[in-house]
Each structure stands twice: as structure tokens, then as C-alpha cells.
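Contents: one structure, followed by commentary.
Just so it is clear, the model here is predicted, and its values are computed rather than measured. A, B, ... follow the sequence lines: proteins, then strands. Residue 1 opens every chain.
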Amino acid sequence: MPELPEVESVLQCLTTSTPSLIGRRVCSVRVLRDSVVDGNVRSVVNTLTGTVCNDVLRHGKYLFFEFQNSHSATQSWLALHLRMTGRLFLVPEQMAEDRHTRFVLLLDQGLALRFDDPRAFGRVWLVEDPREVTEKLGPDALLIQRESFLNRLHGLRRQLKQLLLDQSFVAGIGNIYADETLFRARLHPLKISSDLSNEEINRLYDALHGVIAQAVIAKGANIDGVFEAGSFPVAVYGRGGKRCLECGALVVKERFGQRGTHFCPVCQPL
DNA sequence: CACTCTACCTGTGCGC
DNA sequence: TGCGCACAGGTAGAGT
């Protein structure tokens, strides 16, 4: 599933490759599934048509596309979340749409920005300012500093798995990187945050930072034939019943809070 | 505040 | 072969 590293990879691909989305004018907007637009479909079409994409930002798993109206010099922002199965690509406009294509921006230079999503969980919506969204989120997991992490953890009494998945604590971690972070930190997913020693808290920060930074460089996770083309090797996610790469014990998969959770019971004792 | 449950979706893979 | 079903999971929102 696209988490922070995969979303960052999408952002880099759209903005730093050739051709780039930056500077492209929106000729028209196609909405193939109304429900992927949060809010009024017509206002999204009317607002974006004729604008030029100036910039793309990311915070956690959210992307924000800045569009400039060339006449009135006003800006509009399109927010986007890929959820589990959403994919974005900049393609030649004549490239055939998929049965899962949900939303398309037809651009100048014969290009199109396509949003495909089999499960149609992903969403796009207009915001006046990305802060409407980011204010509700914690710091971006790639950028959060140790001091901020320690301060935010202070006073919380939460299970570590749940805490890492909480986007208002730190933004960008999903199920894969939560499990990978806890494995690297040698901490059990059900451990309570307020019970951690200073040494364990620092281990958790180091693991989070290390996992996310490495996964960004690798352009995402490498999950057994599934999804993204990234090369970050997972140690526990999706490896229930297989041997722990550190100690050889069997990796456990259990459901904690409606979530498949993978961990090594020997390396990560409770 | 911390946690749980449900709804939103559909492709996949299993057992029968 | 085909059917039914559990499962995958991010987030919002309601409830405990």
C-alpha cells in the first residue's frame, strides 16, 4: 500500500522526471467515478480547467497540487490520498484508460495525469490551503526530529503499533512501516508507550527514522510480487510463519485492533 | 483520552 | 468450474 516512501516516490516521479507535471496546463478534467471526488464534482472540474500546475507538496501520505489561474492569479489546491490501491501517473493522453481509471487531468503537450484505483478508496478534493489538512496531522515521518518525537511521546499511554499508525502523532506510517519500525526497534507492538525507557524511546526514533529514510531512497517497499516497484526489503511484514531473519524464530502474524500485525516474538518480547 | 467498531471498496485466493 | 467468503487496509465518524 502506498505509505510515505511510496507517495514520495510518486511525487518525485511527477515533478523531477521528464516530462514533468510542473508547468502543465489543465485542458479538461474527466471524472470517471464521482465517489473519488470528495465534495462537488462540477466545482472540481470548473475550478481546475484552464489552470497551470505550479507545484506539488507532500505531507505524510497526502499530496497537494497547486494550480494557478492564469487570468485572476488566484490559486487552487487539489488534495489527494491514494489510500490502499491508488496509483498516479503522467502518461501520453492517448494511452488507453484502465477499467480502474477514476480521475484524469488532460494536460497540454498531449499529456494526462491519471488516477487509477481498483478499490476506489482513494480521494481527491479541493482545499483553499493545504494547512486545512496538515494541521490535523503530526509532523512528517521523514522530517520529524528526535526532540519533537520525544516531546510528542511525552504523556501518551498508547500501544506502540496504534501510536505509529496514528497520523496525528506522526504522519506517513502505515501498516508495513509500522511493523518494520517495531521490528528494527526490537519492541513488541503491544508495548505501552509510557512504559518505555529512555533507551527504548531513542531506539524507536532511530528505527522509525532509519526505516523511512531507507525506504524513501529505495523508492518504496518490495513486497512479494505485490504493488510498487520499490526495493526496500521487508523483514517481517507479510512474513508470518517464515523464519525471522535475525534469530530464526517463526515470525508471528496476529490481529491487533483489526490490523494484521507481524513481529518476531523472540526479538520483540513484550 | 484511549480504544473499538463500522462503513467505504473490489481483487484475490481459499475451501468445497 | 463455480460459488461463497474471508481478507487486505487508511481514514472518518460514532460509540464505549
Verify the contact: side-chain N or O of A:Y177 to OP1 or OP2 of C:dG9, cut-off strictly under 4.0 Å; return yes or no. no

Within the structure shown, what part of the strands sits under 4.0 Å from A:Q258 by heavy-atom distance: base, sugar-phosphate, or nothing? base

Hey, is the side chain of A:R33 poking within less than 4.0 Å of OP1 or OP2 on B:dT10, counting only N and O atoms? yes

Closest to the side chain of A:Y62, out of C:dG10, C:dA8, C:dA12, is C:dA12

Note to self: Applying a 4.0 Å non-hydrogen cut-off, can you work out what A:L156 is touching in the nucleic acid: base, sugar-phosphate, or nothing?
What the structure shows: sugar-phosphate

With a 6.0 Å cut-off on the ring centroids, do A:H59 and A:F64 count as close? no

Below 4.0 angstrom from OP1 or OP2 of B:dG11, is there any side-chain N or O of A:R99?
yes

| message | Between A:R259 and C:dG10, is there a contact of a side-chain N or O with OP1 or OP2 at under 4.0 Å? | response | yes

*asked:* C:dT11, OP1 or OP2 - any side-chain N/O from A:Q167 closer than 4.0 Å?
replied: yes

Before you tell me yes or no, could you show the steps for A:W125 and A:V133 under side-chain contact (heavy atoms from CB on, under 4.5 Å), namely the whole-Å CA-CA distance, both residues' side-chain angles and the distance that decides it to 0.1 Å? CA-CA 11 Å; A:W125 68 103; A:V133 176; 4.0 Å; yes

Closer than 4.0 Å, any side-chain N/O of A:H100 to the OP1 or OP2 of B:dC9? no

A:F149 ring center within less than 6.0 Å of A:F169 ring center = yes

Checklist entry - Contact class for A:R157 (heavy atom, under 4.0 Å): base, sugar-phosphate, or nothing? => result sugar-phosphate

**Prompt:** How would you label the contact of A:R158 with the nucleic acid (heavy atoms, under 4.0 Å): base, sugar-phosphate, or nothing?
**Reply:** sugar-phosphate

Using a 4.0 Å heavy-atom cut-off across all strands, classify A:K253 as base, sugar-phosphate, or nothing.
-> sugar-phosphate

Exercise. Which is true for A:F256 with a 4.0 Å heavy-atom rule: it touches a base, it touches only sugar-phosphate, or it touches nothing?
Worked result: nothing

Comparing A:K136 with A:R119, nearest DNA chain C nucleotide closer to 5' gives the residue A:R119

Looking just at side-chain N and O atoms, do A:H71 and A:N69 make a donor-acceptor pair shorter than 3.5 Å?
no

